[in-house]
Amino acid sequence: MRLFAGYRPNQPAHYEEGGYGNPPEEAQFQGVQFDDGTVAVRWLTQFRSTSLWPDMATFLAVHGHADYGTRIEWIDGILS
């Protein structure tokens, strides 16, 4: 199991103004990738939601937005 956070430093300005995005230095979402590849994502914006994806590639195909500079930071640590 791996934890991650997603950032979008170049998202449109109206995203933050409308509550659809956080400031660029803050994570937009957090998630976990399970050992079988399934991904759970929790959006941290004003309009919070949780979604499940079959794998990271599928999630990023929908929400990756290279034009927003989307980057995933994997969080190392021991989970108990």
Side-chain angles (χ1 to χ4, degrees):
M1 180 169 51
R2 298 177 73 192
L3 302 176
F4 63 89
Y7 297 84
R8 291 179 166 169
N10 304 320
Q11 68 187 355
H14 72 274
Y15 272 36
E16 186 177 343
E17 295 162 3
Y20 307 109
N22 293 332
E25 66 277 2
E26 293 181 18
Q28 305 300 310
F29 53 86
Q30 296 172 327
V32 58
Q33 183 178 42
F34 296 98
D35 292 341
D36 70 355
T38 302
V39 172
V41 176
R42 178 69 177 165
W43 291 91
L44 304 175
T45 62
Q46 180 180 339
F47 304 103
R48 295 177 185 245
S49 64
T50 303
S51 58
L52 295 173
W53 299 85
D55 51 52
M56 184 62 81
T58 304
F59 169 69
L60 292 175
V62 175
H63 292 292
H65 298 290
D67 52 330
Y68 297 176
T70 301
R71 85 175 181 279
I72 302 296
E73 290 188 5
W74 293 97
I75 301 166
D76 294 329
I78 298 172
L79 302 177
S80 57

| Flag, side chain of Gln28 to backbone of Trp43, donor-acceptor distance under 3.5 Å | no
| said: Listing request: all salt bridge (Lys or Arg N to Asp or Glu O under 4.0 Å) pairs with a residue in residues 41-65, at least two apart in sequence or in separate chains. | reply: none
| remark: Scanning both residues in full, the closest heavy-atom pair of Phe47 with Gly19 reads CD1-O, 3.4 Å
Show me the donor-acceptor pairs within less than 3.5 Å that the side chains of residues 64-73 make with the rest of the protein, sequence neighbours left out.
residue, atom, partner, partner atom, Å
Tyr68, OH, Tyr15, OH, 2.9
Thr70, OG1, Arg8, NE, 3.4
Thr70, OG1, Gly64, O, 2.5
Thr70, OG1, His65, O, 3.1
Arg71, NE, Glu73, OE2, 3.0
Arg71, NH2, Glu73, OE2, 2.9

| field | Distance in Å, Trp74 CH2 paired with Gln33 CD, rounded so as to fall on 0.5 Å steps | value | 4.0 Å
| request: State which residue, out of Val39, Val32, Ile75, fulfils the side chain to side chain contact (heavy atoms under 4.5 Å, CB included) condition with Phe4. | output: Val39
| said: Using every non-hydrogen atom in the two residues, find where Ala40 and Leu52 come nearest and quote the distance to one decimal. | reply: CB-CD2, 3.5 Å
| query | About how many Å separate CD of Gln30 and OG1 of Thr50, when rounded to the nearest 0.5 Å? | reply | 10.5 Å
| field | Which atom of Val41 lies closest to which atom of Trp53, heavy atoms considered | value | CG2-CD1, 4.1 Å
| message | Filter on salt bridge (Lys or Arg N to Asp or Glu O under 4.0 Å), then keep only pairs touching residues 9-35, sequence neighbours left out; what's left? | response | none
